[in-house]
Asker: 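Have a look at this one.
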Amino acid sequence: HVQLVESGGGFVQAGDSLRLSCAASGRTFDSYGMGWFRQAPGKQRAIVASISRSGDNTYYADSVKGRFTISRDNAKNTLNLQMNSLKPEDTAVYYCAANRYYDISRRAEPYDYWGQGTQVTVSS
């Protein structure tokens, strides 16, 4: 079992940067594949990025590729998402999630544990 708490959201202007963090409880953080998802009003939750247990492999949605960077620090039980060149269409609630079975997954279904979400709002 793992508990996830996101932080770092906020209100920014287009072109700005934000860094989201997700603190995980427990001593088995490195046994989970991790992901960041987002959900905009009226839309389904969608993958942003995923990272393997070791951190060696990553996946990015096309919409954020080249602008966002996912990383993890297994010693500190922390997942991060560096978001640069933010656009108004990046506005959403961002969630971190953990899954026990897949190193990398772009689907929400395998993820067993979810944080409460953090709001990111990008103004044009």
Side-chain angles (χ1 to χ4, degrees):
H1 186 75
V2 62
Q3 291 184 318
L4 305 171
V5 179
E6 302 97 336
S7 61
F11 184 98
V12 297
Q13 301 291 322
D16 285 350
S17 298
L18 273 177
R19 183 177 179 87
L20 305 183
S21 293
C22 175
S25 66
R27 293 175 287 181
T28 59
F29 178 68
D30 58 1
S31 66
Y32 293 90
M34 299 296 296
W36 284 101
F37 289 77
R38 66 186 181 186
Q39 188 166 18
K43 295 188 176 180
Q44 289 188 331
R45 193 170 296 189
I47 184 72
V48 175
S50 178
I51 189 166
S52 62
R53 295 175 182 90
S54 66
D56 290 343
N57 297 304
T58 57
Y59 165 84
Y60 294 95
D62 287 343
S63 58
V64 306
K65 203 172 292 184
R67 299 187 298 123
F68 290 12
T69 303
I70 188 172
S71 63
R72 66 189 297 165
D73 185 336
N74 287 339
K76 297 181 178 180
N77 285 10
T78 302
L79 177 72
N80 300 301
L81 184 69
Q82 178 65 42
M83 304 186 295
N84 298 331
S85 303
L86 282 161
K87 304 175 181 180
E89 51 264 44
D90 295 318
T91 295
V93 178
Y94 284 71
Y95 299 89
C96 70
N99 92 85
R100 292 169 291 179
Y101 300 108
Y102 297 98
D103 227 9
I104 294 274
S105 179
R106 65 188 72 177
R107 299 182 302 114
E109 290 80 4
Y111 289 86
D112 311 283
Y113 306 104
W114 294 82
Q116 83 288 349
T118 186
Q119 177 71 47
V120 172
T121 303
V122 184
S123 172
S124 59

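Atom set for the values below is all heavy atoms of this structure, side chains included, hydrogens, waters and symmetry mates excluded. Every value quoted in this text rests on a predicted model; they were computed, and no experiment measured them. This chain uses plain numbering: 1 for the first residue, then up along the sequence.
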Asker: Shared ILVMFWY cluster between Val64 and Ile104, side chains joined below 4.5 angstrom?
Answerer: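 Val64 does not cluster with Ile104.
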
Asker: Measure across Ala24 and Val2 and return the closest heavy-atom pair with its distance rounded to 0.1 Å.
Answerer: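 That would be CB-CG2, 3.8 Å.
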
Asker: Any side-chain heavy atom of Met34 within less than 4.5 Å of one from Leu4?
Answerer: yes

Asker: To the nearest 0.5 angstrom, please state how far the OG atom of Ser124 sits from the NZ atom of Lys87.
Answerer: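 Ser124 atom OG to Lys87 atom NZ measures 13.5 Å (nearest 0.5 Å).
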
Asker: Go through the structure and list residues passing ring pair (Phe, Tyr, Trp, His ring centres under 6.0 Å) with Phe37, not counting sequence neighbours.
Answerer: Tyr111, Trp114

Asker: Identify the two heavy atoms, one from Ser31 and one from Thr28, that lie closest to each other, and give their separation to 0.1 Å.
Answerer: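 So the minimum-distance heavy-atom pair works out to OG-O, 2.6 Å.
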
Asker: Hey, are the side chains of Val12 and Met83 touching, using non-hydrogen atoms and a 4.5 Å cut-off?
Answerer: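 No. Closest side-chain heavy atoms not under 4.5 Å.
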
Asker: Please examine the side chains of Arg67 and Asp90, heavy atoms only from C-beta on, and report whether any two atoms are closer than 4.5 Å.
Answerer: yes

Asker: Is the backbone of Cys96 close enough, under 3.5 Å, to the side chain of Glu6 for a donor and an acceptor to pair up by distance?
Answerer: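 Between the backbone of Cys96 and the side chain of Glu6 there is a qualifying donor-acceptor contact (under 3.5 Å).
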
Asker: Return the CG to OG1 distance between Leu81 and Thr69, rounded to the nearest 0.5 Å.
Answerer: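 The OG1 atom of Thr69 is 8.0 Å from CG of Leu81, to the nearest 0.5 Å.
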
Asker: May I ask you to decide if Val122's main-chain N or O and Thr91's side chain share a donor-acceptor pair within less than 3.5 Å?
Answerer: yes

Asker: If you round to the nearest 0.5 Å, how far is CZ of Phe68 from OG of Ser17?
Answerer: 9.5 Å

Asker: Verify, without hydrogens or angle tests, whether Arg72 (side chain) and Phe29 (backbone) share a donor-acceptor contact under 3.5 angstrom.
Answerer: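 Flag set: sc Arg72 to bb Phe29 pair under 3.5 Å.
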
Asker: Between Asp30, Asn74, Asp103, which is the residue that forms a side chain to side chain donor-acceptor pair (under 3.5 Å) with Arg53?
Answerer: Asp103

Asker: So with a 6.0 Å cut-off around CD of Gln44, is the heavy-atom count from everything else above 12?
Answerer: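 Not buried by this count: 12 neighbours or fewer within 6.0 Å.
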
Asker: Does a side chain donor of either Gln82 or Asn84 reach within less than 3.5 Å of an acceptor in the other side chain?
Answerer: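 The criterion, which ignores hydrogens and geometry beyond distance, is satisfied for Asn84 and Gln82.
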
Asker: Ser21 versus Lys76: any side-chain heavy-atom pair under 4.5 Å?
Answerer: no

Asker: Ignoring hydrogens and geometry, is there a side-chain-to-backbone donor-acceptor pair from Ser25 to Gln3 under 3.5 Å?
Answerer: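 Flag set: sc Ser25 to bb Gln3 pair under 3.5 Å.
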
Asker: Nearest 0.5 Å please: distance from the CG atom of Leu18 over to the OG1 atom of Thr118.
Answerer: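 The CG atom of Leu18 sits 8.5 Å away from the OG1 atom of Thr118.
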
Asker: Could you give the distance from SG (Cys22) to CG (Leu79), rounded to the nearest 0.5 Å?
Answerer: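 So the SG of Cys22 and the CG of Leu79 are separated by 5.5 Å.
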
Asker: Which pair of heavy atoms, one from Tyr95 and one from Gly115, lies closest together, and at what distance?
Answerer: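 Scanning both residues, the minimum pair turns out to be CD2-O, 3.6 Å.
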
Asker: If you measure from CG on Leu86 to OG on Ser123, what distance do you get to the nearest 0.5 Å?
Answerer: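 Result: 11.5 Å between the selected atoms.
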
Asker: Is Trp36 reachable from Tyr102 through a run of I, L, V, M, F, W or Y residues, each pair having side-chain heavy atoms under 4.5 Å apart?
Answerer: no

Asker: How close do Ser52 and Asp56 get, heavy atom to heavy atom, and via which atoms?
Answerer: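 Smallest heavy-atom distance, with atoms named: OG-N, 3.3 Å.
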
Asker: Kindly give the heavy-atom pair with the smallest separation between Ile70 and Tyr60, and that separation in Å.
Answerer: N-OH, 2.9 Å

Asker: Indicate yes or no for a side-chain donor-acceptor contact from Gln116 to the backbone of Val5 under 3.5 Å, with no hydrogens or angles considered.
Answerer: no

Asker: Among all residues two or more places apart in sequence or in another chain, which pass the salt bridge (Lys or Arg N to Asp or Glu O under 4.0 Å) test with Asp112?
Answerer: Arg100

Asker: Check this for me: Lys65, atom NZ, are more than 12 non-hydrogen atoms of other residues, nucleotides or ligands nearer than 6.0 Å?
Answerer: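 More than 12 heavy atoms, drawn from other residues, nucleotides or ligands, come within 6.0 Å of this atom.
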
Asker: Would the number of heavy atoms belonging to other residues, nucleotides or ligands and lying under 6.0 Å from OH of Tyr59 be above 12?
Answerer: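 Enclosed: over 12 neighbouring heavy atoms sit under 6.0 Å from OH of Tyr59.
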
Asker: Please say whether more than 12 non-hydrogen atoms of neighbouring residues, nucleotides or ligands are located less than 6.0 Å from CZ in Arg106.
Answerer: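 At most 12 heavy atoms, drawn from other residues, nucleotides or ligands, come within 6.0 Å of this atom.
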
